[in-house]
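Working notes, structure below.
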Amino acid sequence: MKCWFIAALACLLSSMAVCATPVRIGSKQFTESVILGEVARLAARQADVPAQHQRELGGTSILWSALQHGDIDAYPEYTGTLTHELLKNVAADADIPTLRAALKPLGVGITDSLGFNDTYAIGMREDRAAQLGIRRISDLTAHPELRFGFSNEFMDRTDGWPGLRQRYGLAQTQVRGLDHILSYRALSTNAVDAIDLYSTDAEIPYYHLRALDDDKHYFPHYEAVYLYRLSLEQSSPAFVQALRNLSGRIDENAMRRMNAMVKLQGKKETEVAAGFLGVQPDTDGAGLLSRLLKRTIEHLKLVLISLGAAVLLAVPLGVFSASSRRLGQAIMAASGVLQTIPSLAMFVFMIPFFGIGTWPAIVALFLYSLLPIVRNTYTGLVGIPPDLRESAAALGLPPGVRLRRVELPMAMRSILAGVKTAAVINVGTATLGALIGAGGYGQPIVTGIRLDDTGLILEGAIPAALMALIVQGLFEGIERWLTPRGMRLEARQ
Amino acid sequence: MPAVSNASSEAFELSRVSKHYGAVVGLDDVSLSFHAGTTTSLIGSSGSGKSTLLRLLLGLEWPDQGQVKVDGRALEKDHVLELRRRVGYVIQDGGLFPHLTALGNLALLPSHLGWSRERIHQRAEELAALTHLSSGVLARYPAELSGGQRQRVALMRGLMLNPDALLLDEPLGALDPLVRHELQDELKHIFEQLGKTVIVVTHDIAEAAWFAERIVLMRCGKVVQDGRLEDLRQRPTEPFVTHFVEAQRTLREPMA
């Protein structure tokens with residue numbers, strides 16, 4: 001709402017006759033999705049459509065609801081996800097025209113397949129497979145002595161190993177559960193003979209693996225497509241055309257190579273996507289310092305706005321709780337329940353109400369800040385000795401003046417301690433905001449986790465830790481400054 | 001109680017007042033009146049209802065039954081703030097607000113009422129002279145004051161608006177004997193000098209007799225006897241009175 005208003009204002013102020021809001025492309029939290037997001041952005045740029053890419057917004061549910069709410073305009077998706085998770089009343093093997101018809105009432109459009117199918121596959125070392133003459137999964141039936149190492153998820157899913165064994169009549173008995181990352185190493189050292197993998201995994205070319213042909217079509221199709229808001233067909237036909245032009249252009253090998261360049265060679269998604277399209281990557285030109293500055297501003301914005309709003313609500317709630325104990329217990333219980341919601345869930349809960357970006361993150365942080373401030377305000381006020389409370393009443397001061405001149409100053413130390421707790425927790429929790437597009441120090445952490453890049457993780461984690469320390473120190477200063485001197489003398493006695 | 005008593009000369013009047021806290025008796029059917037300009041000592045063991053009585057007079061508590069009148073007018077919630085401003089109230093350890101200096105404590109109510117800084121300072125100086133407090137002490141915080149100084153500041157705070165009455169709840173209870181003795185003298189002098197209606201709560205019979213001719217002895221929320229010290233000694237209404245009066249030790253010459 002607010003962003004919208006600012007955008008509208010910016011349009012009014014700009015001298016341009018036509019207001020061109022950039023198209024917003026989202027991506028999920030894994031490398032392939034980010035690369036496809038960059039491909040879409042650069043393709044839009046090629047078509048002279050201003051576009052921006054909000055990377056690593058989170059999982060499927062976040063992207064899907066962001067698209068429906070209009071927080072983003074397009075994102076890369078897989079047909080299997082649509083049939084299995086997002087659309088009801090659609091057959092598991094529905095083709096793209098069927099999906100297109102099912103998506104239309106939702107205001108969502110779908111391109112044709114980009115040209116690859118990112119599904120489960122069974123992989124073997126190229127040399128070993130060649131030696132045994134195995135090209136298809138059904139060839140495995142002739143070799144019951146082979147040892148399989150499958151990811152735990154694949155072992156458990158009904159559409160994983162149990163179903164696969166049944167469909168192909170596989171008789172292998174040496175089947176172990178493994179961590180997916182470790183399974184590549186196990187395969188390369190011949191500790192196992194076959195593993196499950198995703199057909200576009202970067203490791204396939206790297207470890208010289210062969211993905212066996214699913215000749216009985218057991219695994220569901222996960223054709224890569226772009227989803228977009230149908231309204232773009234009117235507002236930005238050039239962009240929709242640019243997306244459509246990408247269909248059929250990326251085959252499995254091309255996608256594997258791009259994944260490998262990012263994951264194994266440490267190249268940037270932008271570079272890789274630009275290389276694929278044959279265009280110049282637009283360097284973001286931002287050095288470490290300006291990146292840090294941008295993220296610091298984003299992070300501070302999240303923390304300060306949420307904290308400020310929390311103080312404005314929580315202090316009065318604390319005052320109210322202290323004056324009416326029974327309702328106070330209810331208020332405290334409610335804010336306590338808010339506190340028990342896992343932070344990631346809290347951020348995701350905000351999306352249906354506030355979409356993605358800065359504002360839902362601020363609301364989530366605001367809700368988290370309430371309890372420490374309410375509780376400390378309450379504790380501070382309730383802790384005032386009854387005879388002092390009564391002395392203020394006996395003087396003939398009206399209740400409002402008593403609260404302002406006597407009770408709140410006496411509770412100040414406790415209230416500030418609550419605000420400090422909320423602030424420090426906020427600095428840490430705000431890093432999760434990156435998962436729903438709020439930016440901040442969480443952004444490099446999210447990317448770093450995805451790419452297993454410790455340096456990148458630290459680029460977010462260190463400033464976040466420093467900010468927490470600074471906030472802590474700052475509040476100690478504020479506490480000293482705002483706590484009446486007499487209260488400090490009192491505390492020392 | 002004479003039926004023709006002039007209502008306007010009674011500063012405080014309780015008629016058949018009862019106050020219970022759950023099963024605990026605060027006051028039980030008490031009728032008492034306090035003449036304007038007189039000093040009365042309220043005495044009794046702890047839990048006898050003395051403090052409850054003061055708190056009822058200030059509207060800090062409200063009776064379950066009966067009526068409280070101040071200056072002949074029934075005490076109501078809508079004018080309780082004005083009433084409190086006409087009554088100074090001093091409690092055992094002063095009730096000073098720790099976040100304000102002594103002067104800040106004195107200024108709290110007057111500044112709310114719009115007094116100028118000069119007027120507040122001037123009044124504080126007058127009262128410092130009355131209570132023998134050196135005015136340099138006024139800049140200190142309560143934590144930096146001695147017990148006696150705190151009680152003096154508390155008394156000054158009660159007197160800032162020059163109220164008609166003073167209610168003191170064990171004002172010297174927390175002080176060491178020397179300071180206590182000194183302040184007993186001073187307080188008595190101040191009461192005489194100001195001529196206000198004063199009610200002092202104490203559990204010390206000697207202190208009660210020192211401050212006032214009229215002593216009201218209470219027990220379990222009831223008035224046991226209302227009179228002078230001689231009445232309590234010579235015409236006790238029940239054995240408890242004698243018991244209470246004699247419970248105070250007197251110093252004797254050691255027997256040779």
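Numbers restart at 1 for each chain; the letters A, B, ... are given by sequence-line order, proteins then strands.
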>> Using a 4.5 angstrom heavy-atom cutoff, name the option from B:Leu108, B:Leu167, B:Leu96 with the most pairs to chain A.
In response: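 Counting heavy-atom pairs under 4.5 Å, the top option is B:Leu108.
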
> Side chain, backbone, both or neither: which part of A:Arg402 has an atom under 4.5 Å from a heavy atom of chain B?
Replying inline: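 For A:Arg402, side-chain heavy atoms alone lie under 4.5 Å from chain B.
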
>> What part of A:Val401 gets within 4.5 angstrom of chain B, counting heavy atoms only: side chain, backbone, both, or neither?
In response: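 Answer is side chain: those atoms of A:Val401 sit under 4.5 Å from chain B.
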
Portion of [X] that has a non-hydrogen atom of chain A nearer than 4.5 angstrom:
X        : answer
B:Ile91  : side chain
B:Leu113 : neither
B:Ser51  : neither

>> For A:Lys301, is the NZ atom crowded, meaning more than 12 foreign heavy atoms sit under 6.0 Å from it?
In response: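 Result for NZ/A:Lys301: open.
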
> Are more than 12 heavy atoms from other residues, nucleotides or ligands located less than 6.0 Å from atom CD of B:Gln65?
Replying inline: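 Count not over threshold, so no.
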
>> Any salt bridge linking B:Glu82 with B:Arg86? Criterion: basic side-chain nitrogen under 4.0 Å from a carboxylate oxygen.
In response: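 No, this pair does not count.
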
> Taking the six-membered ring of B:Phe97, is NZ or CZ of B:Arg157 closer than 6.0 Å to its centre and within 45° of its axis?
Replying inline: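 Because its charged atom sits under 6.0 Å from the ring centre and within 45° of the axis, B:Arg157 does stack over B:Phe97.
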
> B:Lys196 and side chain to side chain donor-acceptor pair (under 3.5 Å): which partner among B:Thr39, B:Asn162, B:Asp164?
Replying inline: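 It is B:Asn162, the one option of B:Thr39, B:Asn162, B:Asp164 that forms the side chain to side chain donor-acceptor pair (under 3.5 Å) with B:Lys196.
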
>> If the test is side-chain contact (heavy atoms from CB on, under 4.5 Å), which one of B:Leu145, B:Leu103, B:Val153, B:Thr101 qualifies with B:Arg140?
In response: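 Answer after filtering B:Leu145, B:Leu103, B:Val153, B:Thr101: B:Leu145.
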
> Of the listed residues (A:Met410, A:Met412, A:Arg389, A:Glu390), which shares the most heavy-atom pairs with chain B below a 4.5 Å separation?
Replying inline: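 Sorted descending by pairs with chain B, the first entry is A:Glu390.
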
